[in-house]
Amino acid sequence: MDRKDFLNSMGMSAAAFALLNCMGCKKTDIGSSPDTIGPSGINFTIDLSLAANSALLGNGGSLISNGLIVARTKTGSYIAVQRSCTHESYTLTYQSPNSRFYCPNHGATFSEGGAVTNGPATRSLTVYNTTLTGTSLRVYS
Ligand code: FES
């Protein structure tokens with residue numbers, strides 16, 4: 001007996017079988033990035049003398065580069081975390097007045113150290129190292 005014969009014997013059409021199979025399905029919106037885990041092997045440099053990177057010259061500024069959010073906190077420290085939310089991978093924004101990363105999709109928030117401060121995300125952000133030498137900001141794993 002093949003699948004079609006089996007379904008016919010059960011009085012079900014293939015469409016009904018497919019619907020039954022999917023009753024436990026959960027819609028997953030993957031947002032603008034497929035990754036909920038930060039990229040590995042990160043090692044790049046941002047030239048702060050370039051106009052394209054001027055957002056990082058002032059406290060509270062941020063930009064996205066190489067799959068990360070690189071930010072300058074309101075106290076002047078450089079930080080870098082994965083840009084995608086650990087919940088369903090939406091792109092985070094840096095909110096310097098609140099010293100946090102915010103996900104506009106479901107409202108998760110993360111501290112500047114990457115810890116979850118509000119769900120539904122449950123996993124911390126991957127945090128990267130930063131070192132400033134002159135006008136060269138190195139970001140690395
Ligand atoms: S995708 Fe960020 S909270 Fe859901």
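Note that these values count all heavy atoms, side chains included, but never hydrogens, waters or copies made by symmetry. Whatever order the structure lists ligands and atoms in, that order sets their numbers, starting from 1. Just so you know, these numbers come straight off a predicted model, no measurement behind them.
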Taking a hydrophobic cluster as the set of Ile, Leu, Val, Met, Phe, Trp and Tyr residues connected by side-chain heavy atoms closer than 4.5 Å, whether directly or through intermediates, do Ile79 and Tyr140 fall within one such cluster?
->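 No; tracing contacts between hydrophobic side chains, which count when under 4.5 Å, never links both residues.
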Just grab all the ring pair (Phe, Tyr, Trp, His ring centres under 6.0 Å) pairs involving residues 67-88, residues at least two apart or on different chains.
->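 Counting only pairs at least two positions apart or across chains, the ring pair (Phe, Tyr, Trp, His ring centres under 6.0 Å) contacts touching residues 67-88 are His87-His106.
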Of all the atoms in ligand 1, which lie at a distance below 4.0 Å from a heavy atom belonging to Ala108?
->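 Those qualifying, in numeric order: 3 (S).
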Strictly under 2.8 Å, is any N, O or S atom of His87 next to atom 2 (Fe) of ligand 1?
->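 His87 does not place any N, O or S atom closer than 2.8 Å to atom 2 (Fe) of ligand 1.
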Quick one: report the N, O or S atom of His106 that is nearest to atom 4 (Fe) of ligand 1.
->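 Minimum-distance N/O/S atom of His106 relative to atom 4 (Fe) of ligand 1 is ND1.
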Does Thr117 offer a backbone N or O that forms a donor-acceptor pair with the side chain of Arg100 under 3.5 Å?
->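 Flag not set: sc Arg100 to bb Thr117 has no pair under 3.5 Å.
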Kindly state each residue pair satisfying side-chain hydrogen bond (donor to acceptor under 3.5 Å, both in side chains) with at least one member in residues 43-59, sequence neighbours excluded.
->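 Passing the test, one end in residues 43-59: Asn43-Arg138, Asp47-Ser49, Asn59-Arg72.
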So what does the Cys103 SG - atom 2 (Fe) of ligand 1 - Cys85 SG angle come to, to 10°?
->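 Approximately 110° at the metal, rounded to tens of degrees.
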